[in-house]
Amino acid sequence: MDARLEAIKDTVLMRNPGEAEFHQAVVEVFESLGPVHDRHPEFLEAAILERLCEPERQIIFRVPWTDDSGRVQINRGFRVEFNSALGPYKGGLRFHPSVYLGIVKFLGFEQIFKNALTGMPIGGGKGGSDFDPRGRSDAEVMRFCQSFMTELYRHIGEYTDVPTGDIGVGGREIGYLFGQYKRITNRYESGVLTGKGISWGGSLVRPEATGFGTVIFAQEMLKTRGTSFDGQRVVVSGSGNVAINAIAKAQSLGAAVVACSDSSGYVVDEAGIDVALLREVKEVQRGRLKDYAERRGGVTYVDGGSVWDVDATVVLPCATQNELDGAAAARLVRNGLVAVGEGANMPSTRDAVAVFQEAGVLFGPGKAANAGGVATSALEMQQNASRDSWSFEHTEERLTEIMVGIHDRCAATAEEYGEPGNYVLGANIGGFVKVADAMLAQGLI
Ligand code: NDP
């Protein structure tokens, strides 16, 4: 890392103790930024990096609710409003027991650059809770969401901060959150949340957008090597929103998607994952991947273990952070891996990224490859602002244009800075310069 940035990085790490994921995200970005500061000493003078690493506002709050047996439960809620240089804070809410400030800050930090790369007017933020919706009844999830929003509502708004879903927060949760916001404020402010249902202000393609976008980005990477998804053997991790839609899109482009996972195990389905069945089991019945395996029949279900033990030419990690380590990366590379498209945020460890890059594997980092979700959220905000709703075809076309644009911008930036094909560098520098320029223009705030 550049010596000037090393000192700033050390201070950031010291000021934010115990936040391992946030540290990892910061270090990964700083490693790309040396050459930018050679060209733009004014960024150093204006302390852009120090300011970028300090969220504009961090909100932590108590979320009390009662479970179905009448017992009081207490969770912790978070919203980190990281950077508003380009627009209102924008980023998802994650409900998962692992959520703490370090996770929310890593996600919020990544979101700043991701949102900048989309070319849309949105700043970066993220939030969530250590609440675990798995195994909870609809009534419990509703009471939790209502309590969460009873505090959050005062901090968000169409022009302030616009949350959406992430792990554990899908259409059901967004519905309960929106209902409570509307009730408290007495305003039908559609633009305050994205990921809404289609009949009450949502956008077509938003549910599919992150998974679809990841595959579109990976397809653009494959094109640079004269190939495509057609005939690739693909492994996807996760079986949630991003994973399911990535599987569907990869299959529509002619790939054989042979495995996916959840936090309990993974399934190998050599005939190709049956997306309709997977959607029914996961999205309608809220079941487990094990249930998919039982209903599908003739497939292998591995309890525990790692889905990265399954060979593939393309992998799409779509579950969670740090799920793919250096050893798994090395094994995949030895067995013929060609490309990685990150649907999840920071799913590859730093060791894994190094292995992919040294081996010349095409590597699309999450902040570029999974930006289709937030980009389509911004399209939802556009539709809400103009009280319009677009067709599936038109919205998908816009998503495709945006993803191809992000790919091309990352590739051109990597080339400009002397490292063609390095999408990590391209994404970090491309996103950073845009935000840094806006921060300079807006003065010391
Ligand atoms: P979902 O909650 O719909 O699905 C998450 C999936 O990942 C589930 O299969 C879950 O398994 C698995 N998973 C979650 N945590 C772990 C863990 N600690 N270990 C193993 N498996 C785990 O979430 P999404 O699909 O929305 O999100 C997936 C990833 O994509 C996240 O990294 C998220 O930040 C990122 N992302 C999501 C966007 C969106 O639009 N939704 C936008 C951009 C990025 P189980 O059910 O067993 O927990």
Side-chain angles (χ1 to χ4, degrees), residues 21 25 90-99 103-104 106-111 114-115 117-118 124 126-128 130-135 163-174 194-195 202-203 205-214 217 236-247 259-267 273 278-279 281-283 285-292 303-308 316-325 341-348 364-380 399 403 406:
E21 297 83 2
K90 182 90 196 86
L93 296 170
R94 176 177 292 191
F95 292 169
H96 192 272
S98 63
V99 168
I103 295 242
V104 180
F106 119 65
L107 291 163
F109 187 70
E110 294 268 297
Q111 198 82 45
K114 181 189 308 191
N115 293 4
L117 283 171
T118 66
K126 200 84 188 188
D130 57 0
F131 170 71
D132 190 352
R134 288 170 302 183
T164 184
D166 190 81
I167 291 177
V169 179
R172 174 183 60 173
E173 290 75 16
I174 293 292
T194 58
S203 172
V205 191
R206 177 61 187 92
E208 295 85 359
T210 308
F212 276 24
T214 301
F217 188 96
V236 175
S237 63
S239 49
N241 171 271
V242 179
I244 292 174
N245 291 295
I247 295 169
C260 65
S261 64
D262 63 15
S263 57
S264 310
Y266 67 91
V267 71
I273 301 288
L278 186 61
R279 279 194 198 281
V281 170
K282 298 293 293 190
E283 293 176 347
Q285 294 165 351
R286 298 189 183 275
R288 309 290 302 160
L289 202 52
K290 198 166 191 258
D291 305 324
Y292 167 89
D303 204 22
S306 166
V307 74
W308 307 125
L316 304 171
C318 297
T320 194
Q321 65 278 350
N322 291 328
E323 51 158 310
L324 201 173
D325 64 14
E342 291 190 327
N345 285 307
M346 211 167 72
S348 310
K367 65 169 75 73
N370 72 32
V374 74
T376 309
S377 274
L379 299 180
E380 183 173 332
L399 169 66
M403 292 314 298
I406 294 172

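All values below were derived from every heavy atom in this structure, side-chain atoms included, with hydrogens, water molecules and symmetry-related copies excluded. Counting starts at 1 for both ligands and their atoms, in listed order. These figures come from a predicted structure and were not determined experimentally.
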Should [X] and [Y] count as side-chain neighbours, where that means a heavy-atom distance under 4.5 Å?
X      : Y      : result
Phe95  : Asp132 : no
Thr320 : Ile167 : yes
Asp291 : Gln285 : no
Pro133 : His96  : no
Tyr266 : Cys260 : no
Arg206 : Ser377 : yes
Glu21  : Met346 : yes
Glu208 : Leu399 : no

- Query: Heavy atom of His96 under 4.0 Å from ligand 1?
  - Reply: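 The answer is yes, since His96 has a heavy atom less than 4.0 Å from ligand 1.
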
- Query: Does ligand 1 have any atom that is closer than 4.0 Å to a heavy atom of Arg94?
  - Reply: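 It does, in that a heavy atom of Arg94 comes within the 4.0 Å cut-off of ligand 1.
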
Any idea which atoms of ligand 1 are less than 4.0 Å away from a heavy-atom of [X]?
X      : answer
Ala344 : 29 (C), 30 (O), 32 (O), 35 (C)
Gly343 : 30 (O), 35 (C), 36 (N), 44 (C)
Arg134 : 45 (P), 47 (O), 48 (O)
Gly238 : 9 (O)

If I apply the N/O under 3.5 Å rule, does [X] come out as touching ligand 1?
X      : value
Arg206 : yes
Asn241 : yes
Cys318 : no

Identify, for [atom], the protein heavy atom at the shortest distance, and state residue, atom and that distance.
atom                    : result
atom 46 (O) of ligand 1 : Arg288 NH1, 3.2 Å
atom 14 (C) of ligand 1 : Ile167 CD1, 4.0 Å
atom 2 (O) of ligand 1  : Gly168 N, 2.9 Å
atom 45 (P) of ligand 1 : Ser263 OG, 3.4 Å
atom 33 (C) of ligand 1 : Asp166 OD1, 3.1 Å
atom 25 (O) of ligand 1 : Val242 N, 2.9 Å
atom 4 (O) of ligand 1  : Gly240 CA, 3.3 Å
atom 12 (C) of ligand 1 : Ala319 CB, 3.9 Å

- Protein heavy atoms: any of them under 4.0 Å from atom 10 (C) of ligand 1?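 Under the 4.0 Å cut-off, atom 10 (C) of ligand 1 has no protein heavy-atom neighbours at all.
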
- Using a 4.0 Å heavy-atom cut-off, say whether Thr210 meets ligand 1 through its side chain, its backbone, both or neither.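 The part of Thr210 near ligand 1 is the side chain, not the backbone.
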
- From Leu379 atom CG to Ser203 atom OG, the distance as rounded to the nearest 0.5 Å: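 The OG atom of Ser203 is 6.5 Å from CG of Leu379, to the nearest 0.5 Å.
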
- Task: Check whether the side chains of Asn345 and Lys367 place a donor and an acceptor atom closer than 3.5 Å, and report yes or no.
- Result: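 No pair is found: no donor N or O on one side chain lies under 3.5 Å from an acceptor on the other.
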
- Of all residues at least two apart in sequence or in a different chain, which pass the salt bridge (Lys or Arg N to Asp or Glu O under 4.0 Å) check with Lys126?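 Testing Lys126 for salt bridge (Lys or Arg N to Asp or Glu O under 4.0 Å), a comparison that skips the adjacent residues, returns Asp166.
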
- Task: For side chain to side chain donor-acceptor pair (under 3.5 Å), just list the numbers for Lys90 and Thr164, CA-CA rounded to whole Å, side-chain angles, deciding distance to a tenth of an Å, and then say yes or no.
- Result: CA-CA 8 Å; Lys90 182 90 196 86; Thr164 184; 4.7 Å; no

- Item | Selected option - heavy-atom contact closest to atom 16 (C) of ligand 1, from Thr320, Val307, Asp262 |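 Answer by nearest heavy atom: Thr320.
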
